[in-house]
Structures are given as C-alpha cells and as structure tokens.
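Worksheet for the structure shown next.
Here is the naming used below: chain letters follow the sequence lines, and residue numbers restart at 1 for every chain.
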There are 2 protein chains.
Amino acid sequence: MSTTVTKNITKKSKREQIIEAAFKLFAENGFFATGVDLIMREAAVSKRTLYNYFPSKNELIVAVLQHYHASCQQHFASIMDFENKSARENIRALFEDAQTWFGNPNFYGCLAVNAMSEFSGKDQAIVKACQDFKQWEIALLTSITKQLDDQYPDLLACKLFILLEGMSSIAQVNKAGFPLNVGALADETIDRHLQKH
Amino acid sequence: MSTTVTKNITKKSKREQIIEAAFKLFAENGFFATGVDLIMREAAVSKRTLYNYFPSKNELIVAVLQHYHASCQQHFASIMDFENKSARENIRALFEDAQTWFGNPNFYGCLAVNAMSEFSGKDQAIVKACQDFKQWEIALLTSITKQLDDQYPDLLACKLFILLEGMSSIAQVNKAGFPLNVGALADETIDRHLQKH
DNA sequence: TAACAAGTAAACCAATTTGTTTACCTTTGC
DNA sequence: GCAAAGGTAAACAAATTGGTTTACTTGTTA
C-alpha cells in the first residue's frame with residue numbers, strides 16, 4: 001500500500017504509463033486500428049502487465065476515456081475562475097483556449113466523439129463513458145450560463161455547445177484554422193440570445 | 001457496352017450493390033471494424049466480384065465516400081430552390097432538413113468526419129475524399145450567403161457551417177434531439193451577422 | 001450452338017488480432 | 001538476506017483479417 005503511494009509520487013505508475021500511451025495512439029490512429037502490441041511497446045510495458053491492469057482492450061479504452069474526461073475537467077478548471085471572473089470572461093477564456101487546442105497539430109478531434117463513431121451499438125460501457133463526458137461538457141457550460149441573468153440558461157448552453165463541437169469537428173478535418181475569432185463568435189451568440197428575451 | 005446500360009436501367013449494378021451495402025455497414029460499425037467478408041455477405045456478392053470492382057478495401061472506402069458526397073449533393077439540390085426561394089428560406093430549409101436527418105435513428109454522424117478519425121495520417125486518398133466533401137459543404141453554404149447583400153459571405157458561411165457540424169456531432173453522441181429549433185438558430189446567427197456590418 | 005464475359009462458392013494464404021501461459025528476473029519491505 | 005509481489009520476454013493459441021486462386025455456373029451475343 002505505502003509502496004504504491006511513494007511510487008506514485010516519484011514516477012508514473014505502470015497504469016498511468018499504459019493509459020497515456022494508449023490515449024496518444026487511440027487519438028492518433030483510432031481504436032480498432034491500434035493493436036495491443038503497439039500500445040504495450042509505446043508504454044514500454046510487457047503484455048502480461050497490461051492485461052494485469054486491464055482485463056481487455058475495451059476496458060482499457062473505457063479507462064482511457066475516463067482519463068480524458070478527468071484531464072479535461074482539470075484543464076478547464078485551471079483556465080476558468082468562477083470567483084474573480086465574470087461569466088462572459090470565463091466563456092471567452094474557454095473558447096479561446098479551445099481554439100488554440102483545436103489548432104494544435106496533435107489534435108485529432110474529440111476522443112469521445114471518435115470513440116462513438118467506432119463503438120456505437122457495440123460496447124455499452126464505452127458508449128456510456130462517451131456520453132458521460134458530453135454530459136459533463138454541457139453541464140459545465142450550463143453552470144456558467146446560469147450566472148448570466150437570463151431565463152433560458154440551458155438553451156444558451158446548448159447553443160455554445162453546438163459552437164464548440166462544430167469547431168472541433170471542422171478542425172479535425174480541415175486543420176487550416178478558422179477565418180474568425182471564436183471568442184467573438186461566442187460573444188455574438190450570447191448577445192443575440194440575451195437580446196431576444 | 002449496351003449490356004451494362006440496359007442492366008443499369010432495370011436493376012442495381014453489382015457495383016452499386018457493393019457500395020450501398022458497404023456504406024450502411026461503415027456508417028453503422030465503423031471502417032476498421034467492418035470486414036470485407038461482412039460487406040460481401042450484406043451485398044450478396046462473391047468476394048471475387050468485390051475485388052473485381054475494387055482493388056482493395058481502402059479503394060472501396062474512397063468510392064463509398066464519393067457516393068456519400070454525390071448523394072448529399074443530390075439531396076440538398078432537391079430541398080433547395082435557388083430560383084424561387086430567398087437565401088434565408090434556403091438556409092432554413094437546409095437546417096430543418098438537417099435537424100430531422102440528425103434525429104433519425106439511422107444517423108451515425110457524418111461519414112467523412114468518421115473516416116477522418118480512423119484514417120487521418122494513414123491513407124491519403126481517403127483523407128482527400130473527406131476534405132473534398134467538407135469543401136463542397138462550405139462552398140454550398142457560401143454560394144447561398146453570397147446572395148445576401150453582405151460584405152463577408154465567407155464568414156457567415158463559416159458560422160453556419162460550425163452550427164451544422166456541431167449539431168451533427170452532438171446528435172451522434174446524444175441522440176436525444178435538441179431543445180431548440182435549429183432553423184431559428186440559423187436565423188439568429190444571420191441576423192446578428194448582418195447587424196454587425 | 002459455341003464462345004465469352006461475369007458471376008459464385010469455397011479453399012487457401014500469410015499476416016495480424018486479442019488474449020494466455022511459461023519461465024525467468026528485479027525490486028522492496030521486513 | 002530473503003520471501004513475495006510485480007515485472008519482463010517470448011512462445012503460444014485460436015480466431016480473424018485482407019486478399020488470391022481454383023473450379024464451376026450462369027446468361028448473353030454473334
């Protein structure tokens with residue numbers, strides 16, 4: 001018990017090594033196209049160890065999606081500030097961060113969306129992990145729009161969500177970047193929404 | 001020569017059979033997860049015939065993407081009317097049609113986006129087919145926004161494109177439908193855009 | 001009717017897949 | 001210093017993959 005604790009402090013655990021290697025490969029090459037052998041090589045871990053931590057490839061995929069979920073939560077918590085910044089500022093920060101993220105050459109689309117396209121109707125646990133992630137995303141947006149004094153925060157959150165997902169999807173195919181400032185686009189959307197009520 | 005012509009009139013050619021079966025399976029189960037054996041069974045065609053028409057699975061995938069491209073072109077041409085309808089009406093028709101399409105239980109996300117997530121950096125011909133399709137989409141939107149008397153039709157087309165892609169992506173994961181009328185959302189977006197200039 | 005193009009069915013091939021097993025090694029806490 | 005946990009490497013198994021080949025059956029046309 002104490003062993004693993006001290007280990008986790010000093011260096012990455014085998015479990016983390018595996019998940020991070022798998023995450024990279026799944027994002028880059030897709031899920032079915034990435035074999036377990038490649039993952040274990042990339043993680044510098046034996047096959048035995050891999051199957052010790054994860055009873056099957058699909059359960060590893062679930063763990064990778066949960067890791068993705070958790071690190072997104074952490075990342076967005078770090079760039080937003082509910083106490084000192086306004087709702088609009090937080091949204092702007094989120095969108096501008098997303099824009100640079102989507103423009104990164106290492107961006108291969110949202111992992112959860114990609115997983116859905118390969119596993120919908122096939123593996124219920126994987127599908128659930130994807131949906132949980134998207135639920136969290138919309139909940140995060142709603143928690144911000146609720147701070148605006150508006151009658152329909154869910155509606156506005158949905159509109160912003162559509163913008164984010166659209167940008168992500170387009171960036172995945174195009175890579176050319178957007179001919180517009182997406183922070184400004186979010187602002188426009190909020191303006192128009194508030195005007196209407 | 002005349003043989004194939006008369007054949008094509010009376011019933012679907014083998015090539016079409018294969019492409020349509022493959023399209024269905026790729027959309028539903030993904031590309032890597034769908035084996036050639038399954039495709040040939042679904043198309044009721046022998047393996048020999050399949051490899052007679054398509055030298056490899058990946059070239060079949062390209063053909064399927066081109067078929068998808070062509071049938072989308074045909075479909076959108078049928079629901080829009082450049083002569084008798086205004087730009088706003090055409091956009092509204094397009095968005096409302098998209099909303100019902102995305103809500104269909106047989107909708108598994110945009111095939112081109114899904115293909116990108118499995119083949120980006122792997123097969124250049126497939127990637128090109130996906131990008132061609134997305135180029136066409138944005139060009140279609142731009143051809144409509146140009147009819148509005150506005151200084152930045154490309155910008156508005158991009159905004160509308162983001163909305164469409166966002167809806168598609170969300171529908172793929174969620175399936176619950178949207179708590180908003182997307183035709184109205186498109187209208188809002190146009191309004192706000194025109195206001196600003 | 002005879003030749004030929006187009007199709008089928010099934011055996012076959014080599015490579016790869018997920019997953020298991022065996023035998024050995026290395027670290028670490030007591 | 002030693003036992004035990006946790007690790008490695010590699011062989012192995014069974015199924016599946018994309019793709020080829022062989023032998024046989026159609027249907028059309030000249």
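Nucleotide dG7(C) holds its P atom 20 Å from the CZ atom of Arg41(B), rounded to whole Å. Separating the CG atom of Leu50(A) from the C1' atom of dA10(D) is a distance of 16 Å, rounded to the nearest angstrom. Remark: C1' of dG18(D) and CG of Leu38(B) are 14 Å apart, rounded to the nearest angstrom. In this structure, the OH atom of Tyr53(B) is 9 Å from the C1' atom of dG7(C), given to the nearest Å. Computed from coordinates, the Ile18(A) CD1 to dG6(D) C1' distance equals 12 Å when rounded to whole Å. Rounded to an integer number of Å, the gap from Asp123(B) CG to dG18(D) P is 14 Å.
Qualifying salt bridge (Lys or Arg N to Asp or Glu O under 4.0 Å) partners for Arg15(A), counting only residues two or more places apart in sequence or in other chains: none. A search for side-chain contact (heavy atoms from CB on, under 4.5 Å) contacts involving Ile79(A) returns His75(A), Phe76(A), Asp97(A), not counting sequence neighbours.
Taking 4.5 Å as the limit, every side-chain heavy atom of Val173(B) sits out of range of all side-chain heavy atoms of Phe133(A).
If you check every strand for non-hydrogen atoms under 4.0 Å, Ala44(A) touches sugar and phosphate atoms only. Residue-level contact check: Phe54(A) touches neither bases nor backbone, having no heavy atom under 4.0 Å from any strand.
Nearer the 5' end of DNA chain D, as judged by each residue's closest nucleotide, is the contact made by Asn52(A), out of Met40(A) and Asn52(A).
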Restricting both atoms to N or O, compile the protein contacts to nucleotides 18-24 of chain C shorter than 3.5 Å, with distance only.
residue : atom : partner  : partner atom : Å
dT18(C) : OP1  : Lys57(A) : NZ           : 2.9
dT18(C) : OP2  : Val36(A) : N            : 2.9
dG19(C) : OP2  : Tyr51(A) : OH           : 3.1
dG19(C) : OP2  : Lys57(A) : N            : 2.8
dG19(C) : N7   : Lys47(A) : NZ           : 3.0
dG19(C) : O6   : Lys47(A) : NZ           : 2.8
dT22(C) : O4   : Arg48(A) : NH1          : 3.3

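OP1 or OP2 of dT8(C) sits under 4.0 Å from a side-chain N or O of Thr49(B).
For the helix from dT1(C)-dA30(D) to dC30(C)-dG1(D), the end axes, each set by the C1' atoms of five terminal pairs, are bent relative to each other by 10° (nearest 10°).
Among Gln17(A), Lys14(A), Met40(A), the single residue meeting the side chain to side chain contact (heavy atoms under 4.5 Å, CB included) criterion with Leu50(A) is Met40(A).
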Donor-acceptor pairs under 3.5 Å, side chain of residues 22-34 of chain B to any protein atom, not counting sequence neighbours: which ones?
residue  : atom : partner  : partner atom : Å
Lys24(B) : NZ   : Glu42(B) : OE2          : 3.2
Thr34(B) : OG1  : Leu25(B) : O            : 3.4
Thr34(B) : OG1  : Gly30(B) : O            : 2.6

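Checking Asn114(B) against Gln172(B) by side-chain atom types alone, a donor-acceptor pair falls below 3.5 Å.
Remark: Ile162(B) CD1 to Leu180(A) CG distance equals 5.0 Å, nearest 0.5 Å.
In summary, Arg41(B) and Asp37(B) do not engage in a salt bridge, as defined by a charged side-chain N under 4.0 Å from a carboxylate O.
Among residues at least two apart or in separate chains, side chain to side chain donor-acceptor pair (under 3.5 Å) pairs with a member in residues 52-74 of chain B are Asn58(B)-Asp123(B).
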